[in-house]
2 protein chains.
Amino acid sequence: MPRGNAVTIREVARRAGVSIATVSYVLNESAPIREETRARVLAAAAELGYRPSALARSLRARQSHTIGYSWHHVPRDHWHPILDPFLYSMAQAAEAEGYHILTFAQPADGNPWRPYQELMLTGRVDGFILSETNRDDPRVRYLLDHDFPFVAFGRANEEWDFPYVDVDNAAGTRMAVEHLVGLGHRRIAVIAWPEDSLTGSYRLQGYLEGMAAAGLPVDPAWVVRTEHSEAAGRQAMGLLLALPPDRRPTAVVTMSDLMAIGAINALYEAGLQPGRDVSVVGFDDVPMAQYLRPPLTTLRQPVAEVGARVVEMLLKLMRGEPLPERRVLLPPRLMVRESSGPHPIP
Amino acid sequence: MPRGNAVTIREVARRAGVSIATVSYVLNESAPIREETRARVLAAAAELGYRPSALARSLRARQSHTIGYSWHHVPRDHWHPILDPFLYSMAQAAEAEGYHILTFAQPADGNPWRPYQELMLTGRVDGFILSETNRDDPRVRYLLDHDFPFVAFGRANEEWDFPYVDVDNAAGTRMAVEHLVGLGHRRIAVIAWPEDSLTGSYRLQGYLEGMAAAGLPVDPAWVVRTEHSEAAGRQAMGLLLALPPDRRPTAVVTMSDLMAIGAINALYEAGLQPGRDVSVVGFDDVPMAQYLRPPLTTLRQPVAEVGARVVEMLLKLMRGEPLPERRVLLPPRLMVRESSGPHPIP
DNA sequence: GGGCATAGTTGAAACGTTTCAATTCCTGGG
DNA sequence: CCCAGGAATTGAAACGTTTCAACTATGCCC
């Protein structure tokens, strides 16, 4: 029965022979109630299987106890390496505090902040979690302008002040370079994303820092910028392999596992053995990464931690509690597998 | 501002110089209103940026316009091949009708139907979408017993009467067998799931039907039941390879891409070439499948269609409209790639 | 010119809570 | 035995809508 005849506080009150106020006080422990009355009310509520209406409660309290989250839908071969664990950890963290996650789709056309506006104005949500933010992100801008609580997984413009949690992308690629240097590589290339990707620029920066720290020069030809796809990764690797032998990289850091796979496939096509002839490192640690041939060395993002953290911060924010840290960076973890090579290069 | 000072219908009424009832009638077009008044109200609403409170509306209408969905969280190397497209298509379909999707986590312990009960009793949702149902599914049982609207992606006990959409798993594996037979294979094995998986039993059944239809005998040793993991798939393939030459299968159908990868890896380890020496077919078409070596022949599930369909049915159900079809089966699509072999076997 | 239907509008109730302010009930001290 | 004062309880308002029932014009017919 679709809650048409759900039991209300009124019925509990009648059954316990008290007023509805008393029932409310007992259930919320928000006023001193005689023990005997308390017991009677509790018994009545239990017998009737009473649960207070979230709707009525929300209306009264003027908050929905709901958090909005929307993610970018991507073509099926690009996919979202993080949705499942991220959403799950958010849902868990939220529920522990009596909140729920409302997911909504980002329409392909129109203002990206439209759905956010609608949810906010109709009072359906008390705050938002954003993910995959970027420079000049219109959603971030909109929420900041309207002073609505939100926390982002990812950064935007440095000068915009808003709470976020992000993976320390630069640290990740820096680690990757260090790892490769430790294996004896000196000519290390990077297959990077286009300039408009903020995350991509952090990852690229980490590569550059890693090279600099190791005192290695960077041949401009080693930095290939291309889009996020297997085909692009494959092509980029082809470009690198076409360099003259003394400039040809022996290792390559990529922005994603998908691109790493492209690179690996290019190596196979060129008759080379990935992990032996050329080392490849990915980013994301997609579920399959460990089962690929060769198993992929890659950077695992602490997605579940980000999810829990981001919700925790949002709850604090919505309750008006102070946020100890508004800008959190969590380090990724380098998963060393065979695509980066089992042995140091002589 | 967290909606503390959101504009209400009262303010619109005052600004337009009419009663709140009139405003409501204008906005919902639920009563005849003089054109001039109508214009005044509309103008006032627009000027104030008024949007009716979803909470108040829901309370009054006694429905939340929200659909609950929860999925099983899986270990990170098993993952959920369908969550992203499924959730996205559901969200889209729901929003087109003014509904939203509330996601919640399935706690590891305790009654599986507990969170469903809570959401239902507190009136937070008007209906549920279930996925990954199984035989004797306690959630299905609970919702049936309490006569609460839901639609499942997946089936349960044959004798339980409830609306569902499912992929025609048997048709999928049948297609796979046909395809392999067409390539010239006669000794075809299957790496299947344990008996407690309903989906697994449909997929196994399809294999058996396919073999029967082709007039091929099934050696009992060709049916290996094992759990859903790469390691298990690898082991199972090992078992099959250990059969004497004249009983050794030349092709194998698996229950999932993950197991197919295990099988492929076992072939490599045995010095065999998957797709040439032994054909392998997966199930799911995970995003990486096409980029594997060899690219994986597999069955793609029409996940987005299922999502749209399931929501459409649930909406009908909740509105009390008749459901033309209560049991829908959607065929998967065989994606032929190289792991099943480029050439017919002589 | 009176009655009457009808278009247009409004007041108020209701949805199910929480909580303020007021009331009743005790208990104990003088 | 009375009264103060705290403990326990209650009535009613409020949250922001929708919608029923009632009311007021307005125009039309006889």
Side-chain angles (χ1 to χ4, degrees), chain A residues 1-42 44-45 48-66 98 120-124 126, chain B residues 1-42 44-45 48-66 98 120-124 126:
Chain A
M1 63 218 61
R3 200 160 210 282
N5 25 10
V7 21
T8 76
I9 198 174
R10 196 154 269 111
E11 301 169 47
V12 177
R14 209 158 52 81
R15 179 157 191 141
V18 297
S19 72
I20 62 168
T22 302
V23 176
S24 177
Y25 288 137
V26 168
L27 263 30
N28 297 307
E29 304 186 356
S30 48
I33 300 287
R34 197 147 46 95
E35 183 47 38
E36 188 245 316
T37 317
R38 205 180 98 80
R40 246 185 19 249
V41 168
L42 253 23
L48 294 171
Y50 169 72
R51 298 264 51 214
S53 153
L55 255 25
R57 228 180 233 237
S58 291
L59 178 60
R60 171 70 222 230
R62 270 128 126 218
Q63 38 177 327
S64 60
H65 289 268
T66 304
M120 164 179 147
L121 255 35
T122 56
R124 261 181 175 281
D126 299 337
Chain B
M1 66 219 62
R3 199 158 211 281
N5 24 10
V7 21
T8 75
I9 197 175
R10 196 154 268 112
E11 301 170 45
V12 177
R14 210 157 52 81
R15 180 162 191 134
V18 298
S19 73
I20 62 167
T22 302
V23 176
S24 176
Y25 287 137
V26 168
L27 263 29
N28 298 307
E29 302 185 358
S30 47
I33 300 287
R34 198 147 44 97
E35 182 49 36
E36 189 246 317
T37 317
R38 204 180 98 84
R40 246 186 19 250
V41 168
L42 254 23
L48 294 171
Y50 169 73
R51 298 265 49 217
S53 152
L55 257 23
R57 225 182 236 240
S58 290
L59 178 60
R60 172 69 223 229
R62 267 127 128 223
Q63 38 176 328
S64 60
H65 289 270
T66 303
M120 163 180 151
L121 255 34
T122 56
R124 263 182 174 280
D126 299 339

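Letters go in sequence order (proteins before strands), and every chain restarts at 1. Note: hydrogens, waters and symmetry copies are ignored here, and every other heavy atom, side chains too, is used. Computed from a predicted structure; not experimentally measured.
Rounded to an integer number of Å, the gap from CZ of A/Arg51 to P of C/dG16 is 16 Å. Atom-to-atom, CD of A/Glu29 to C1' of C/dT19 comes out at 17 Å; the value is rounded to the nearest Å. Taking atom CD of B/Glu35 as the reference point, atom P of C/dT9 lies 11 Å away to the nearest angstrom. Taking atom CG of residue A/Leu27 and atom P of nucleotide C/dT19, one finds them 13 Å apart after rounding to whole Å. The CD1 atom of A/Ile9 sits 19 Å away from the P atom of D/dC15 (whole-angstrom rounding). The distance between atom NE2 of B/His65 and atom C1' of D/dT18, rounded to the nearest whole Å, is 12 Å. Separating the CG atom of B/Leu48 from the P atom of D/dG16 is a distance of 14 Å, rounded to the nearest angstrom. In this structure, B/Tyr25 atom OH and D/dT17 atom P are separated by 15 Å, rounded to whole Å.
Each of A/Ile20 and B/Pro32 was assigned the nucleotide of DNA chain C with the nearest heavy atom; the assignment lying further toward the 5' end belongs to B/Pro32. Along DNA chain C, the nucleotide nearest B/Ala56 and the nucleotide nearest B/Ala31 are compared for position; the residue whose nucleotide lies closer to the 5' end is B/Ala31.
Among the protein residues, B/Ser24 comes within range of the nucleic acid bases, having at least one heavy atom under 4.0 Å from a base atom. A/Thr22 comes within 4.0 angstrom of a nucleotide base, judged by non-hydrogen atoms across all strands. Backbone-only engagement by A/Ile33 is indicated by non-hydrogen atom pairs under 4.0 Å involving sugar-phosphate atoms exclusively. No contact: A/Leu55 has no heavy atom under 4.0 Å from any strand. Residue-level contact check: A/Thr37 touches the backbone only, with heavy atoms under 4.0 Å from sugar-phosphate atoms and none from bases.
In this structure, A/Ser53 does not reach the C/dG16 phosphate: none of its side-chain N or O atoms is under 4.0 Å from OP1 or OP2. The phosphate of D/dG16 (OP1 or OP2) has a side-chain N or O of A/Arg62 nearer than 4.0 angstrom. In terms of phosphate contacts, B/Arg34 brings a side-chain nitrogen or oxygen within less than 4.0 Å of OP1 or OP2 of C/dT9. Dashed line: the shortest gap from a side-chain N or O of B/Arg57 to OP1 or OP2 of D/dT18 is under 4.0 Å.
Taking 4.5 Å as the limit, some side-chain heavy atom of B/Val26 sits within range of a side-chain heavy atom of B/Leu42.
Side chain of A/Leu59, nearest nucleotide from D/dT17, D/dG16, D/dG11: D/dG16.
Atom CG of B/Leu59 and atom OG of B/Ser64 lie 11.5 Å apart (nearest 0.5 Å). With rounding to the nearest 0.5 Å, the separation of OG in A/Ser24 from CZ in A/Arg57 is 8.0 Å.
Not one N or O on the side chain of A/Thr122 forms a donor-acceptor pair closer than 3.5 Å with the backbone of B/Ser53.
At a threshold of 4.0 Å, the pair A/Arg14-A/Glu11 does not count as salt-bridged, since none of the basic side-chain nitrogens sits closer than that to a carboxylate oxygen.
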